[in-house]
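Single-structure report; data block below.
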Amino acid sequence: MSTHSILLVEDNPRICVHIEQILRTAGYAVTSSKSPAEFFDAWSARRHSLYLVDLRLGEEDGSEIIDRVRTAGDETPALVLSAECNVDAKVTCL
């Protein structure tokens, strides 16, 4: 098992499965969550090497998740996934 673990939050089950397969094939351990609540359960349970966060989730967006972990003092790298065309939304995540 890889020493690098990725915590993924993606609410689209088909996309989530594809991302998991790609990352596991590349040798990463992946913990998947389908909602912000599941993300924070996994986040509090163990440390991860990277957060891979969907920008648009139902009740909370990816930038809010990242804001919450940063406010808690967590500096783990995070990548935001988005099919969003809105430049403002992309810039907010930066």
Side-chain angles (χ1 to χ4, degrees):
M1 180 174 269
S2 173
T3 59
H4 297 289
S5 65
I6 297 173
L7 177 52
L8 166 67
V9 60
E10 169 59 65
D11 59 348
N12 182 310
R14 294 179 72 200
I15 293 172
C16 189
V17 167
H18 288 297
I19 293 171
E20 287 174 347
Q21 289 174 341
I22 291 166
L23 293 172
R24 287 192 175 119
T25 299
Y28 295 98
V30 180
T31 302
S32 295
S33 51
K34 310 291 189 272
S35 68
E38 285 183 26
F39 174 92
F40 284 107
D41 286 345
W43 176 74
S44 63
R46 71 175 275 219
R47 189 160 171 80
H48 295 83
S49 305
L50 175 73
Y51 304 133
L52 193 52
V53 181
D54 186 12
L55 180 59
R56 295 289 174 231
L57 299 164
E59 61 274 7
E60 186 172 13
D61 72 29
S63 64
E64 293 173 38
I65 289 172
I66 293 168
D67 285 345
R68 286 178 58 188
V69 298
R70 295 295 182 249
T71 299
D74 185 339
E75 302 257 338
T76 300
L79 293 176
V80 176
L81 302 174
S82 178
E84 181 71 48
C85 293
N86 180 331
V87 173
D88 291 336
K90 293 176 185 178
V91 170
T92 298
C93 291
L94 294 173

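Residue numbers run from 1 in the order of the sequence given.
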For this session: Using the side-chain contact (heavy atoms from CB on, under 4.5 Å) rule, take Ile65 and Leu57 through it: C-alpha gap first, then chi angles, then the decisive distance, then the call.
Result: CA-CA 10 Å; Ile65 289 172; Leu57 299 164; 3.5 Å; yes
For this session: Tell me whether Leu79 is reachable from Tyr28 by hopping between hydrophobic residues (I, L, V, M, F, W, Y) whose side-chain heavy atoms are closer than 4.5 Å.
Result: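 Same hydrophobic cluster.
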Exercise. Is there a side-chain contact (heavy atoms from CB on, under 4.5 Å) between Thr76 and Val69 once you walk through the steps?
Worked result: CA-CA 9 Å; Thr76 300; Val69 298; over 6 Å; no
For this session: Tell me, please, which residues at least two apart from Arg24 pass salt bridge (charged side-chain N to carboxylate O under 4.0 Å, His left out).
Result: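 Once residues adjacent in sequence are excluded, the partners of Arg24 under the salt bridge (charged side-chain N to carboxylate O under 4.0 Å, His left out) criterion are Glu20.
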Exercise. Can you list every side chain to side chain donor-acceptor pair (under 3.5 Å) pair that touches residues 33-47, not counting sequence neighbours?
Worked result: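 As it turns out, the side chain to side chain donor-acceptor pair (under 3.5 Å) pairs with a partner in residues 33-47, which skip direct neighbours, are Ser5-Arg46, Trp43-Tyr51, Trp43-Asp74.
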Exercise. If you look only at pairs with a residue in residues 7-16, which of them pass as a salt bridge (Lys or Arg N to Asp or Glu O under 4.0 Å), with sequence neighbours excluded?
Worked result: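 Sorted result for residues 7-16: empty, none.
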Problem set entry | side chain to side chain donor-acceptor pair (under 3.5 Å) partners of Arg68, counting only residues at least two apart |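 Partners of Arg68 by the side chain to side chain donor-acceptor pair (under 3.5 Å) criterion, ordered by chain and then number, come out as Glu60.
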Problem set entry | Phe39 CZ to His48 NE2 distance, which is reported to the nearest 0.5 Å |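 NE2 of His48 is found 8.0 Å from CZ of Phe39.
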Quick one: closest heavy-atom pair of [X] and [Y], and the distance?
X     : Y     : result
Ser49 : Pro77 : O-CD, 3.6 Å
Leu7  : Ala42 : CD1-CB, 3.6 Å
Leu55 : Ser63 : CD1-N, 4.2 Å

For this session: Check side chain to side chain contact (heavy atoms under 4.5 Å, CB included) between Ile19 and all other residues, then give those that pass, not counting sequence neighbours.
Result: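 Ile19 satisfies side chain to side chain contact (heavy atoms under 4.5 Å, CB included) with Leu8, Ile15, Leu23, Leu52, Leu81 only.
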